[in-house]
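Structure, as C-alpha cells:
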Amino acid sequence: MKNLQKHALLLNADYSALAVCDSYKAFLLVYLNKAELVNQAEGEYLRTINHRYPLPSIIKLKNYVNVPFQKVILSKPNIFKRDNHQCVYCDETKDLTLDHLIPRSKGGPSTWKNLVTACKRCNAKKGDRSIEQANMTLRHQPFRPSFLLMLKNTIKTNKSWRQYLQSS
C-alpha cells in the first residue's frame with residue numbers, strides 16, 4: 001500500500017462528526033469491523049495483489065463514543081486555519097506569521113482573542129504598538145473557534161462531508 005494523502009471524515013454512531021483522519025486509518029477501522037463505510041472516494045481504491053477495496057471518504061463508528069466537549073488547541077496552525085490563511089490586515093496569503101493585538105511587551109496574552117494571522121509586512125508595520133496606535137484595522141475580530149468550525153474548514157476539499165458538518 002502506498003502512503004495515502006487523502007483524508008476521511010470520522011462520524012460517531014449517531015452520525016455526528018468526530019474527527020478527520022487519514023484514509024489508511026479509516027480503511028483499517030472498516031476492515032477491522034469497528035466502523036462502516038458511509039461514502040467512498042470517487043474512483044479511488046486500495047489495492048492488494050488479490051483484492052481491491054474502496055478508499056473511504058466517510059466512515060461511521062459502529063459503537064457510540066461519548067466525547068466530552070472538544071476544545072480546539074491554541075496553536076499557530078489552528079490560528080492560520082481560523083483566519084483562512086490570510087493576513088487579517090490586508091488579506092495577503094504569503095509570508096504569514098502571528099501577531100499579538102496587544103503586544104507581549106505590553107502584557108498581551110497569547111490567547112485566541114489576542115492572536116491573529118498577519119503577513120510579515122503588516123506585522124512589521126504594526127510593530128510593538130496596538131492596532132489603534134499603528135492606525136490599522138482588522139478585517140474580522142479574532143475569536144475562539146469551535147471544533148465543528150475547524151472541521152468545516154475541510155469542506156473546501158471534500159463536498160461530500162457537507163451534510164454531516166451542517167449542524168451540531
Side-chain angles (χ1 to χ4, degrees), residues 1-88 90-99 110-120 138-168:
M1 243 182 264
K2 68 180 182 177
N3 186 14
L4 299 173
Q5 297 298 321
K6 304 262 181 195
H7 293 91
L9 178 64
L10 176 63
L11 303 174
N12 211 338
D14 66 352
Y15 288 91
S16 60
L18 276 180
V20 175
C21 63
D22 65 69
S23 293
Y24 179 69
K25 180 177 180 176
F27 168 76
L28 286 177
L29 288 170
V30 172
Y31 187 78
L32 295 172
N33 206 27
K34 294 183 179 195
E36 300 170 5
L37 182 67
V38 174
N39 192 2
Q40 73 182 65
E42 210 170 299
E44 301 273 346
Y45 296 93
L46 294 172
R47 291 179 172 79
T48 65
I49 294 172
N50 300 321
H51 298 287
R52 184 173 87 162
Y53 300 98
L55 184 69
S57 173
I58 303 172
I59 62 169
K60 177 184 77 78
L61 293 177
K62 288 194 171 188
N63 296 317
Y64 183 81
V65 176
N66 189 16
V67 181
F69 173 73
Q70 293 177 309
K71 196 168 146 180
V72 178
I73 296 169
L74 178 66
S75 68
K76 188 175 183 176
N78 284 343
I79 290 170
F80 284 177
K81 267 189 206 176
R82 177 200 66 190
D83 295 339
N84 243 356
H85 297 277
Q86 292 179 312
C87 175
V88 296
C90 71
D91 288 338
E92 177 62 61
T93 58
K94 294 181 179 134
D95 293 326
L96 298 176
T97 184
L98 292 182
D99 180 40
S110 291
T111 62
W112 283 106
K113 293 189 176 192
N114 193 47
L115 285 168
V116 294
T117 303
C119 67
K120 288 182 180 179
L138 294 172
R139 305 232 184 231
H140 66 83
Q141 290 297 316
F143 60 95
R144 168 181 232 123
S146 67
F147 176 72
L148 190 61
L149 178 69
M150 295 305 268
L151 277 180
K152 283 181 180 181
N153 284 340
T154 59
I155 288 176
K156 295 171 188 158
T157 57
N158 198 328
K159 290 185 169 88
S160 67
W161 298 2
R162 188 171 305 197
Q163 73 184 78
Y164 301 102
L165 299 175
Q166 293 300 323
S167 60
S168 293

Can you tell me how far the [atom1] atom of [X] sits from the [atom2] atom of [Y], to the nearest 0.5 Å?
X	Y	atom1	atom2	value
Lys76	Leu74	NZ	CG	12.5 Å
His85	Leu96	NE2	CG	8.5 Å
Cys21	Leu29	SG	CG	6.5 Å
Leu18	Tyr164	CG	OH	13.5 Å
Leu11	Trp161	CG	CH2	10.0 Å
Lys34	Asn63	NZ	CG	10.0 Å

Would you check if the side chain of [X] reaches a backbone N or O of [Y] as a donor-acceptor pair within less than 3.5 Å?
X	Y	result
Arg82	Trp112	yes
Asn12	Val65	yes
Asn39	Ile58	no

For [X] versus [Y], what's the shortest heavy-atom pair and its separation?
X	Y	result
Leu55	Ser23	CD1-CB, 3.5 Å
Ala8	Pro56	CB-O, 3.7 Å
Phe80	Thr97	CE2-O, 3.7 Å

#### Entry: Ile73 atom CD1: more than 12 heavy-atom contacts under 6.0 Å
no

### Message
Just checking Lys113: does its NZ atom have more than 12 heavy atoms from other residues, nucleotides or ligands closer to it than 6.0 angstrom?
### Response
no

#### Entry: salt bridge (charged side-chain N to carboxylate O under 4.0 Å, His left out) involving Asp14 - partner list, sequence neighbours excluded
none

### Query
Which residues satisfy the salt bridge (charged side-chain N to carboxylate O under 4.0 Å, His left out) test with Lys60, sequence neighbours excluded?
Glu36

Sequence-distant partners of [X], side-chain contact (heavy atoms from CB on, under 4.5 Å), two or more places apart:
X	answer
Tyr31	Phe27, Tyr53
Gln40	Leu37, Tyr45, Pro54
Asn114	His100, Leu101, Ile102, Pro109, Thr111

Please report, to 0.1 Å, the donor-acceptor pairs under 3.5 Å made by any side chain of residues 140-148, with sequence neighbours excluded.
{"unit_1": "His140", "atom_1": "NE2", "unit_2": "Asp83", "atom_2": "OD1", "d": "3.4"}
{"unit_1": "Ser146", "atom_1": "OG", "unit_2": "Leu149", "atom_2": "N", "d": "3.0"}

### Query
Are any non-hydrogen side-chain atoms of Arg139 and Cys90 less than 4.5 angstrom apart?
yes

### Task
Start with the C-alpha distance between Ile79 and Val116, add both sets of side-chain angles, then the distance that settles side-chain contact (heavy atoms from CB on, under 4.5 Å), and finish with yes or no.
CA-CA 7 Å; Ile79 290 170; Val116 294; 5.7 Å; no

